[in-house]
2 protein chains.
Amino acid sequence: MTKPALPTKDRLIQSAAHLFRTRGYHGVGLADLLTDAKAPKGSLYHHFPNGKSDLAIAAATWASDGMLRVIAASFDGADTFEDGATTLCYKLAKLFDLSGWDTCPIASTLFEGPDNTRFRDHAKHIYDGWIAEVQVHAARLGLSEEEAQRKSERVFVLIQGGWTLARARHSSEILRDLRHML
Amino acid sequence: MTKPALPTKDRLIQSAAHLFRTRGYHGVGLADLLTDAKAPKGSLYHHFPNGKSDLAIAAATWASDGMLRVIAASFDGADTFEDGATTLCYKLAKLFDLSGWDTCPIASTLFEGPDNTRFRDHAKHIYDGWIAEVQVHAARLGLSEEEAQRKSERVFVLIQGGWTLARARHSSEILRDLRHML
DNA sequence: GGTCGGCTAGACCAATCGGTCTAGTGCAAA
DNA sequence: TTTGCACTAGACCGATTGGTCTAGCCGACC
């Protein structure tokens with residue numbers, strides 16, 4: 001579960017991303033976190049002066065960067081918007097199976113934090129970033145600006161909802177079926 | 001926030017549903033719960049021998065029953081499936097605004113509990129119940145069985161994803177826009 | 001009137017929570 | 001070699017956690 005080659009800060013971020021995703025922000029104690037990351041408490045508060053909440057923000061950002069890469073990879077070789085979106089659904093289905101059927105890493109981390117406005121603002125920022133990324137590809141693939149916006153929001157909504165249902169069912173099938181709802 | 005007329009058990013369930021929805025299962029302590037419900041600890045463990053986890057299941061069930069009523073009310077007077085689904089979107093948008101922009105009560109309660117299989121199985125059961133309810137109305141309104149299944153799953157996915165985005169944005173607009181994605 | 005059981009009431013508990021603080025390590029620049 | 005700083009290490013803290021347990025209230029039935 002741990003990667004001894006990585007620097008402490010990165011190990012903390014990745015452990016946090018993983019644990020928050022599976023058990024939620026409040027469901028993870030510092031003890032679990034530090035054990036998983038093989039780091040002492042002092043290191044946590046050195047790298048993240050505000051402790052758990054700072055770490056949660058960093059973990060969500062890190063997870064979001066990964067998602068942005070998946071979106072880019074899905075659309076980069078695509079000929080049409082539908083092709084790209086379909087590839088994205090398949091990639092996420094595979095990711096879902098590999099991850100052990102966890103929740104959306106952003107929602108599980110940022111939707112229940114103590115410092116509500118800061119967490120929620122960050123979630124909004126991250127989600128808007130995903131939609132914007134899809135939108136860029138939509139525009140590049142020939143959609144009008146208005147169409148690009150509408151369709152990228154729809155892709156986000158479908159994926160978010162599909163992921164939730166997939167988690168409840170322990171099956172990635174619905175994620176692949178999303179391609180028929182584009 | 002509390003309804004002194006209601007019996008203790010119901011007050012506990014409704015307080016739990018409300019608090020779990022806003023802060024998540026682990027984000028709510030028994031102390032908050034009991035204060036909000038104006039009940040002593042003894043009553044909790046009398047009505048729910050397994051404590052917090054039993055209460056969470058009951059609260060999710062109660063919230064789900066409300067959702068089933070909203071679905072039924074939306075489709076009952078509808079002439080077409082699209083009409084019913086559109087009404088549902090509007091009703092949920094209004095509910096979202098009234099609720100103070102909370103999360104889906106099922107996801108926030110059941111997706112991070114300690115006893116993972118029991119909680120997740122219950123979430124699946126509830127979600128499948130919602131989809132089944134929509135499906136019944138779809139069939140009644142003339143859709144073929146296969147179409148009814150596909151469209152009811154789609155409605156669920158859209159609502160679930162839309163709700164998440166609405167929460168991040170603190171705006172119910174996207175929920176109303178879902179009608180264009182049906 | 002007595003008693004029995006559903007329910008309330010909250011003191012109490014060990015365990016765990018997030019966070020602070022001091023001491024020490026090890027590398028890099030002077 | 002010495003100094004300084006980024007970082008590690010974990011003991012320690014008060015507060016809070018979920019849960020147990022005993023005592024007693026109070027209305028219903030005998």
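Naming convention: chains lettered A, B, ... in sequence-line order (proteins, then strands); numbering from 1 in each chain.
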>> Working note: Tyr127(A) + Leu165(B), criterion side chain to side chain contact (heavy atoms under 4.5 Å, CB included); need CA distance, chi angles, decisive distance, verdict.
In response: CA-CA 8 Å; Tyr127(A) 284 160; Leu165(B) 188 54; 4.3 Å; yes

>> Determine whether Trp130(A) and Ser64(A) satisfy the following criterion, side chain to side chain contact (heavy atoms under 4.5 Å, CB included), listing intermediate values before the conclusion.
In response: CA-CA 8 Å; Trp130(A) 295 359; Ser64(A) 169; 3.1 Å; yes

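Near-neighbour residues of DNA chain C inside residues 19-30 of chain A, defined by a heavy atom below 4.0 Å, number-ordered: Val28(A), Gly29(A), Leu30(A).
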Atom pairs under 3.5 Å, N or O on each side, protein against nucleotides 6-8 of chain D: can you list them with distances?
unit_1	atom_1	unit_2	atom_2	d
dC7(D)	OP2	His46(A)	NE2	2.8
dC7(D)	O5'	His46(A)	NE2	3.4
dT8(D)	OP1	Thr8(A)	OG1	2.2
dT8(D)	OP2	Ser43(A)	OG	3.0
dT8(D)	OP2	His47(A)	NE2	3.1
dT8(D)	O5'	Ser43(A)	OG	3.3

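Ala17(B) approaches Ala59(B) most closely through the heavy-atom pair N-CB, 3.7 Å.
When the P atom of dA9(D) is taken as reference, atom CG of Leu12(A) falls 11 Å away, rounded to whole Å. Taking atom OH on Tyr45(B) and atom C1' on dT20(D), their separation rounds to 9 Å, with Å as the unit.
Exactly one of Lys151(B), Arg179(B), Arg154(B) qualifies for a salt bridge (Lys or Arg N to Asp or Glu O under 4.0 Å) with Glu82(B). That residue is Lys151(B).
A salt bridge links Arg176(B) and Asp97(B); the closest N-O separation between the charged side-chain nitrogens and carboxylate oxygens is under 4.0 Å. With salt bridges taken as basic N to acidic carboxylate O contacts below 4.0 Å, none links Asp177(B) and Arg150(A). Using a cutoff of 4.0 Å between basic side-chain nitrogens and carboxylate oxygens, Asp36(B) and Arg11(B) are not scored as salt-bridged.
Once you apply a 4.0 Å limit to the heavy atoms of chain A, the touched nucleotides of DNA chain C run 5' to 3' over dC17(C) to dT20(C).
The aromatic rings of Phe75(A) and His137(A) lie parallel to each other, with less than 30° between the two planes, well short of the 60° mark.
Using modelled atom types, no side-chain atom of Ser15(A) and backbone atom of Leu12(A) make a donor-acceptor pair closer than 3.5 Å.
Counting non-hydrogen atoms under 4.0 angstrom, Lys41(B) reaches a base of the nucleic acid.
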